[in-house]
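The model shown is predicted, which means the values in this text are computed figures rather than measured ones. Lettering follows sequence order; numbering is per chain, from 1.
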Amino acid sequence: MKSEIILVDDDEVLLVILEKMFQKVSPDTKLRLFSSGMEALDHLANSPITGLNRFLLLDINLKDLSGWDFLNELADRNDTYSKVILITSSVSALNSEFAKKYTSVIGFFEKPITFEKIQRILEQIREI
Amino acid sequence: MRKDEKSYHILIIEDNLGDNILIEEYLTENILNPKLIRADTFQSAKVLLENRSNTFDIIFLDLSLPDLSGEPLIVGVLNLAVDTPVVALTGFSDLDFSIKSLGLGISDYLLKDELTPIILYKSVIYAIQRRKFTDQIQKSEKRYSDLFQLSPLPMWVYDLETLHFLNINKAAISHYGYSDEEFLAMTILDIRPQEDAEYVLNLISDTRQGHKVSQKSVSRHKKKNGELIFVEVTFNLLIFNGRDAVMVLVNDITERAKYVETIEKQNQTFREIAWIQSHVVRAPLARLLGLVNLLESEIPNVKEESLELIQHIKNSAFELDEIVRDISKKSEQIEPLDKNEI
């Protein structure tokens with residue numbers, strides 16, 4: 001199945017790394033890269049809802065708005081098609097507990113994102 | 001009847017020789033060996049009483065002497081007698097005044113015309129015993145008063161109804177800077193910051209209605225110089241001079257509170273450092289680890305020696321990651337202080 005994944009991280013180098021990794025593991029996966037949370041939200045708002053799920057890899061600590069603000073905005077929009085996998089550079093256990101409050105969150109990964117983690121992310125997406 | 005064998009030192013201040021002889025005779029009927037000393041004027045009595053080597057168990061005082069009589073005489077003798085009981089000797093004509101003299105501090109009065117040996121003896125015993133008893137009460141009162149006055153912690157008593165200070169100890173006066181008179185003119189609201197008044201009044205109202213109020217609390221008080229202090233207050237209800245009152249013991253914990261505040265600030269800084277460790281430092285590190293992971297995947301295309309270098313970079317990055325995790329874990333263990341436990 002051809003799936004599209006939206007990557008949101010303000011770390012441009014990390015976007016490049018992720019892009020390369022996805023290309024190696026799953027060349028068919030279409031990627032959209034955003035270094036700004038606002039731009040990613042705009043993109044979601046402007047793309048027509050097709051009834052299919054949209055998958056996001058979202059960094060919790062964005063410069064323009066936090067990952068939590070991003071999730072709150074999705075909840076406010078009643079956007080049930082956007083499924084979010086959170087990624088964080090934090091080693092604090094609090095984050096994963098907090099993330100459970102959001103129904104849109106389907107996964108939580110700690111950086112670094114490795115090939116092995118990308119495999120797991122893809123598996124998780126396939127299961128939905 | 002067996003005579004009392006105790007040695008009584010008795011001063012008789014009486015100018016009438018006949019009365020003097022009569023009293024002596026009556027006294028010796030019940031007392032084996034009374035040590036009697038006579039004075040026939042106020043002046044001679046004064047000389048005797050001012051001489052420290054003379055101690056008397058009781059003083060008999062005729063209320064009219066050639067050089068002094070009436071109230072000035074009583075006051076004069078009482079001042080000189082200090083703790084020795086004084087019994088007035090009087091005629092019928094002075095009866096009203098004799099009763100009044102009890103109010104001045106006379107232990108008893110005896111009508112000369114009704115004097116009998118047994119009445120005189122009873123009066124001696126009674127006056128001496130009563131004086132011992134009141135001495136004990138006074139000593140006991142003084143002891144309790146000292147406990148209050150000399151307490152190193154500020155203490156006071158205030159009226160539950162009017163909130164006026166009723167009694168203040170020395171520590172309170174030196175700690176708050178108000179004089180005794182100033183305190184007595186104030187209510188407890190005057191040592192509170194204005195914004196706390198409502199809270200205090202609610203608490204007082206609960207206390208008046210008999211609600212259980214915690215007998216220990218932390219409050220803010222204001223000294224005379226305007227300085228605000230944090231105090232731990234312990235109080236108890238009591239009846240003071242017939243009024244519902246509250247006794248308060250104050251422990252100044254301002255220094256302690258400052259200390260706690262400093263620790264809190266430091267902990268806050270620690271938590272900030274922890275956050276930086278956990279998020280900020282680790283972001284470029286995670287990036288580095290990702291890059292290494294990516295490089296490894298290029299392995300078929302890299303040379304043998306470069307591969308070794310990549311391995312070194314990877315090991316160093318993992319080592320650094322472990323260190324960051326350790327620091328982060330440790331700093332997460334810093335918990336906010338529980339203020340109630342301090």
(message) Can you give me the closest heavy-atom contact between A:P112 and B:A286, atom names plus distance?
(response)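 Looking at all heavy atoms of both residues, the closest pair is CB-O, 3.3 Å.
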(message) Ignoring hydrogens, what is the shortest heavy-atom contact between B:R282 and A:S89? Give both atom names and the distance.
(response)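 The pair with the smallest heavy-atom distance is NH1-O, 3.0 Å.
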Using a cut-off of 6.0 Å, state whether more than 12 heavy atoms not belonging to [X] lie near its atom [atom1].
| X | atom1 | result |
| --- | --- | --- |
| B:F240 | CZ | yes |
| B:F148 | CZ | yes |
| B:E308 | CD | no |
| B:M247 | CE | no |
| B:E195 | CD | yes |
| B:E161 | CD | no |

(request) Look up atom NZ in A:K20 and atom OG in B:S297, then write down how far apart they are to the nearest 0.5 Å. (result)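 Here the rounded value is 9.0 Å.
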(request) Please round to the nearest 0.5 Å and tell me the distance separating atom CD1 of A:I17 and atom CZ of B:R287. (result)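 CZ of B:R287 is found 7.5 Å from CD1 of A:I17.
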(request) Sort out for me which of B:D321, B:V324, B:L291 touches chain A most, counting heavy-atom pairs under 4.5 Å. (result)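 Most heavy-atom pairs within the cutoff with chain A belong to B:L291.
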(message) I need the residue from B:N293, B:L289, B:V292, B:L288 with the largest number of non-hydrogen atom pairs under 4.5 Å to chain A.
(response)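 Looking at each option in turn, the highest pair count goes to B:N293.
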(request) Answer with side chain, backbone, both or neither: which region of A:E110 has an atom nearer than 4.5 Å to a non-hydrogen atom of chain B? (result)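 Side chain of A:E110 only, per the 4.5 Å heavy-atom cut-off to chain B.
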